[in-house]
Amino acid sequence: MSKVHVGILGAGFAASLHLEILNQDKRVEIIGIADIFTEKAEALAKSINKNVKVVSSLEELLKLGVDTVYVTTPNTMHAEPVLKCLGHNVNVFSEKPMATYLEEAEQILEATRNSKATYNLGMNRRFAYTHKKIKSLIDEGRMEPYMAHVKLNRGELLHPSWTADPTKTGGFLYETTIHQLDLLTYFFGPIKTLKCEARQNISEIEFDDFAILFTFESGMIATFVSSAHSGWCFPFESVEVYGKYSTAVTEELDTIKFSPGLEKHIELENYTQVPFNKKGGYVEEDELFIDALVNGTNPPVSAEEAYRLTHLITSIYESAKIGKEINFSNALNIKNT
């Protein structure tokens, strides 16, 4: 079996997570790592104790003969390398988001339709153990969701300092909260309307507090809150889903409680001791992506899903700015025609 020849663009934290996983996949050969700060790429290459080429640009990485590139650069620097890879028919695993501007997301979506390469967006939270449990409860009919509340807070915007810089993140919702926003449609289906109230309380540059109300085409409703400066008060990440006399609640990526009904035992699953890359979904998303390349199956998160997520965040910011509800299903249909 021929191996998937992988190059990594960007040598930060996300790159280190994927590199460790890919290094253990016998179907993968890691060819090179590119970063403008070559010392970071060299340190990352040494971490897996293999002869991996270190270069400073995507152009050099492509010349090494890679057929697949993991794009793990800062959020606002995804579009250009992704478009270049797709133009060369090189497969792409892009860390979130697809893009931080809708126009760039549209360009990438169109490029995926004209390329022979496979595109996938890294949305590891879908494959986190706690979230897979919620998904299975809904899909298996053990719980019919009527309402939900989702929370994702970041403790501070100081360390690392770039998390407060929208020129690098694209905005707070693109950096931290995007995973939970993705879970909304993953769990509950298409969004119908949204209304966002946002405030600029700590940051001098952008919104840092969000309260959002969603309605879904299924008829259910959800509330969503996210703060950029909550001081790491745990649990800072949680999902609560309410059904008929039933509730499912997660705390971080560590535990999920499911109350299946009145006078029934609460089911508890605890993943505290599971390695982060597994319970966080990174291992499964990488395995599924390599499966898609080797077996010709669909990637875990398609370009269409990635585009809708950028469109969703764009719409949330628009609602916050104009102070009005947005019919998201109508806006998305207009953009997809």
Side-chain angles (χ1 to χ4, degrees), residues 4 6-30 33 35 40-41 43-45 47-50 52 68-75 78 82 91-98 118-136 152 154 160 163 169 174-183 186-187 235-239 250-256 269-295 297-302 305-306 309:
V4 178
V6 172
I8 309 287
L9 179 65
F13 175 70
S16 67
L17 285 172
H18 292 298
L19 189 66
E20 180 184 3
I21 296 164
L22 295 170
N23 188 46
Q24 298 176 40
D25 193 323
K26 295 181 179 180
R27 302 169 298 173
V28 172
E29 182 178 353
I30 300 164
I33 303 172
D35 197 294
K40 291 176 60 179
L44 194 56
S47 71
I48 59 172
N49 297 317
K50 286 189 177 178
V52 176
T68 302
V69 170
Y70 270 64
V71 177
T72 56
T73 53
N75 296 349
H78 288 177
V82 167
N91 305 310
V92 174
F93 182 111
S94 173
E95 264 300 337
K96 55 76 184 169
M98 180 186 230
T118 296
Y119 173 92
N120 179 76
L121 184 68
M123 300 308 301
N124 60 286
R125 285 297 200 276
R126 290 190 182 193
F127 309 104
Y129 288 11
T130 50
H131 300 147
K132 287 179 66 178
K133 179 65 175 180
I134 289 180
K135 181 69 170 170
S136 69
L152 186 285
R154 184 177 176 85
T163 57
T169 66
Y174 284 108
E175 172 54 31
T176 302
T177 317
I178 186 172
H179 288 288
Q180 283 62 37
L181 292 169
D182 175 65
L183 289 174
Y186 182 61
F187 289 151
F236 57 84
E237 177 178 352
S238 64
V239 178
T250 70
E251 291 192 359
E252 311 301 338
L253 300 176
D254 294 327
T255 65
I256 178 168
E269 296 185 15
N270 190 314
Y271 308 114
T272 304
Q273 298 189 70
V274 176
F276 173 72
N277 61 2
K278 288 187 176 181
K279 70 181 176 183
Y282 292 96
V283 171
E284 184 169 352
E285 72 168 352
D286 281 338
E287 289 178 348
L288 289 172
F289 177 60
I290 300 301
D291 284 348
L293 301 184
V294 172
N295 303 322
T297 54
N298 293 327
V301 182
S302 69
E305 292 176 286
L309 186 53

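Please read these numbers as outputs of a predicted model, since none were measured by experiment.
- Counting only distance, with no hydrogens or angles, the side chain of Thr250 and the backbone of Val239 share a donor-acceptor pair below 3.5 Å.
- In this structure, Glu95 and Ala14 approach most closely via the heavy-atom pair CG-CB, 4.0 Å.
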_Chi angles and distances behind the side chain to side chain contact (heavy atoms under 4.5 Å, CB included) call for Ile33, Leu19_ = CA-CA 10 Å; Ile33 303 172; Leu19 189 66; 3.9 Å; yes
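- Side chain of Asn75 to backbone of Thr169: a donor-acceptor contact under 3.5 angstrom is found.
- The heavy-atom pair separating Val52 from Ala45 by the smallest distance is CB-CB, 4.1 Å.
- Summarising the geometry of Pro97 relative to Ile178, their closest heavy-atom pair is CB-CD1, 3.6 Å, with the distance given to 0.1 Å.
- Rounding to the nearest 0.5 Å places CG of Asp286 at 9.0 Å from CG of Leu17.
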*Where do Ile290 and Leu22 land on the side chain to side chain contact (heavy atoms under 4.5 Å, CB included) test, with the steps shown first?*
CA-CA 9 Å; Ile290 300 301; Leu22 295 170; 4.1 Å; yes
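- Remark: Tyr282 OH to Asn124 CG distance equals 4.0 Å, nearest 0.5 Å.
- Every residue meeting the salt bridge (Lys or Arg N to Asp or Glu O under 4.0 Å) condition with Glu237, not counting sequence neighbours, appears here in chain and number order: Arg125.
- With rounding to the nearest 0.5 Å, the separation of OG1 in Thr297 from CZ in Phe289 is 10.5 Å.
- Qualifying salt bridge (Lys or Arg N to Asp or Glu O under 4.0 Å) partners for Glu29, counting only residues two or more places apart in sequence or in other chains: none.
- The main-chain N or O of Thr130 is never found under 3.5 Å from a side-chain atom of Glu269 such that the two would form a donor-acceptor pair.
- At distances below 3.5 Å, not a single donor-acceptor pair connects side-chain atoms of Ser94 with backbone N or O atoms of Val71.
- Atom CG of Asp254 is separated from atom NZ of Lys279 by 3.5 Å, given to the nearest 0.5 angstrom.
- Among all heavy-atom pairs drawn from Pro299 and Tyr119, the shortest one is CG-O, 3.4 Å.
- Applying the salt bridge (Lys or Arg N to Asp or Glu O under 4.0 Å) rule to Arg126 yields the partners Asp182, Glu305; only residues at least two apart in sequence or on another chain are considered.
- With hydrogens and angles disregarded, no donor-acceptor distance shorter than 3.5 Å links the side chain of Lys96 to the backbone of His179.
- For the atom pair Lys278 NZ and Ile21 CD1, the distance stands at 10.0 Å (nearest 0.5 Å).
- Between Tyr70 and His18, the two ring planes are tilted [angle within 30° to 60°].
- For the side-chain contact (heavy atoms from CB on, under 4.5 Å) test with Val92, the passing option among Asn120, Val82, Thr118 is Val82; the others fail.
- Using a 4.0 Å cut-off between charged side-chain N and carboxylate O, Arg154 and Glu175 make no salt bridge.
- Side-chain contact between Ile256 and Tyr271: present, with at least one pair of heavy atoms (C-beta onward) separated by less than 4.5 Å.
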_Apply side chain to side chain contact (heavy atoms under 4.5 Å, CB included) to residues Phe236 and Glu252 and explain how you reach the verdict._
CA-CA 7 Å; Phe236 57 84; Glu252 311 301 338; 3.5 Å; yes
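- Counting only heavy atoms from C-beta outward, the side chains of Ile8 and Thr72 approach each other to under 4.5 Å.
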*How far apart are the C-alpha atoms of Val6 and Phe93, what are their side-chain angles, what is the distance that settles it, and do they pass the side chain to side chain contact (heavy atoms under 4.5 Å, CB included) test?*
CA-CA 10 Å; Val6 172; Phe93 182 111; over 6 Å; no
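- To the nearest 0.5 angstrom, Leu181 atom CG is 11.0 Å from Thr176 atom OG1.
- Here the shortest heavy-atom pairing between Lys135 and Tyr186 reads NZ-O, 2.9 Å.
- Residues Gly10 and Ala15 share a closest heavy-atom pair of O-CB, 3.0 Å.
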